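As the structure is a computational prediction, the values presented were derived from the model and not from experiment.
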Amino acid sequence: MTITFRPVSRDNFYQVMRLDVRADQKSFVASNAFSVAETTIHPDWEALAIYAGETLVGFTLWGQDDADPAGEWWIIRLMIDQARQGQGYGRAAMQALIPRIQARTGGAPI
């Protein structure tokens, strides 16, 4: 399974906003709209659409929380659309995301 990440852009914005988790998961993750909005007050955070091939399967948000005294980098959000859950996309996304973050942060702890 090949996972790639693309910025949330004009091309995929509405598709990313339509991604959703199951009803019983909604209290565990903020909406994608809220997450993208947070990048306006945290411009160093990166909002990414998660793709399997050309299929949009999820969304992630990562960055350094300036309120964290340890200066650690965080995967702030990771969600896989309810229609794609249980198919290995979440695990594959994490396996692809962690090295991407480490490459951009010089190997800082996540």
What are the two closest heavy atoms between [X] and [Y], and how far apart are they?
| X | Y | answer |
| --- | --- | --- |
| G53 | T4 | O-OG1, 4.3 Å |
| L78 | A93 | CD1-CB, 4.1 Å |
| F59 | V8 | CE1-CG2, 3.8 Å |

Do T60 and M94 pass the side-chain contact (heavy atoms from CB on, under 4.5 Å) test, and can you show the C-alpha distance, the side-chain angles, and the key distance before you say yes or no?
-> CA-CA 10 Å; T60 190; M94 288 295 286; over 6 Å; no
Pairs of donor and acceptor atoms involving the side chains of residues 33-40, under 3.5 Å and at least two apart or interchain, shall be tabulated with distances.
unit_1: S35; atom_1: OG; unit_2: S31; atom_2: O; d: 3.1
unit_1: S35; atom_1: OG; unit_2: R77; atom_2: NH1; d: 3.0
unit_1: E38; atom_1: OE1; unit_2: R77; atom_2: NH1; d: 2.6
unit_1: E38; atom_1: OE1; unit_2: R77; atom_2: NH2; d: 3.2
unit_1: T39; atom_1: OG1; unit_2: V36; atom_2: O; d: 2.6
unit_1: T40; atom_1: OG1; unit_2: A37; atom_2: O; d: 2.6

As an exercise, state the distance from [atom1] of [X] to [atom2] of [Y], rounded to the nearest 0.5 Å.
| X | Y | atom1 | atom2 | answer |
| --- | --- | --- | --- | --- |
| H42 | I76 | NE2 | CD1 | 7.5 Å |
| I98 | I75 | CD1 | CD1 | 5.0 Å |
| W73 | I101 | CH2 | CD1 | 9.0 Å |

Go through the steps to decide whether L97 and I3 satisfy the test side-chain contact (heavy atoms from CB on, under 4.5 Å), and finish with yes or no.
-> CA-CA 9 Å; L97 184 59; I3 293 291; over 6 Å; no
Candidate pair Y89 and I50, rule side-chain contact (heavy atoms from CB on, under 4.5 Å), full reasoning | CA-CA 9 Å; Y89 295 117; I50 303 169; over 6 Å; no
Name all pairs fulfilling the salt bridge (charged side-chain N to carboxylate O under 4.0 Å, His left out) condition that reach into residues 40-55, sequence neighbours left out, sorted by first residue then second.
->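 Residue pairs passing salt bridge (charged side-chain N to carboxylate O under 4.0 Å, His left out), neighbours aside: R6-E54, E46-R100, E46-R104.
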Could you note down all residue pairs passing salt bridge (charged side-chain N to carboxylate O under 4.0 Å, His left out) where residues 78-93 supplies at least one of them, sequence neighbours left out?
->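 Salt bridge (charged side-chain N to carboxylate O under 4.0 Å, His left out) check on residues 78-93 returns no pairs.
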Do the side chain of W62 and the main chain of A47 share a donor and acceptor less than 3.5 angstrom apart?
->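 Here the side-chain-to-backbone pair does not exist.
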Identify whether Y14 and V21 are in the same connected component of the hydrophobic contact network (ILVMFWY, side-chain heavy atoms under 4.5 Å).
->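 Looking at the clustering, V21 is in the same group as Y14.
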Quick one: list whatever passes side chain to side chain contact (heavy atoms under 4.5 Å, CB included) with R10, sequence neighbours left out.
->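 For R10, no residue satisfies side chain to side chain contact (heavy atoms under 4.5 Å, CB included) once neighbours in sequence are set aside.
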Got a sec, which residues hit side chain to side chain contact (heavy atoms under 4.5 Å, CB included) with A49, two or more places apart in sequence or on another chain?
->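 A49: side chain to side chain contact (heavy atoms under 4.5 Å, CB included) contacts with N12, V16, Y51, L56.
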With sequence neighbours excluded, residues passing salt bridge (Lys or Arg N to Asp or Glu O under 4.0 Å) with D11 |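 Here no residue qualifies.
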For Q25 and Q85, what are the C-alpha separation, side-chain angles and deciding distance, and is it a side-chain contact (heavy atoms from CB on, under 4.5 Å)?
-> CA-CA 12 Å; Q25 298 169 326; Q85 291 181 12; 2.9 Å; yes
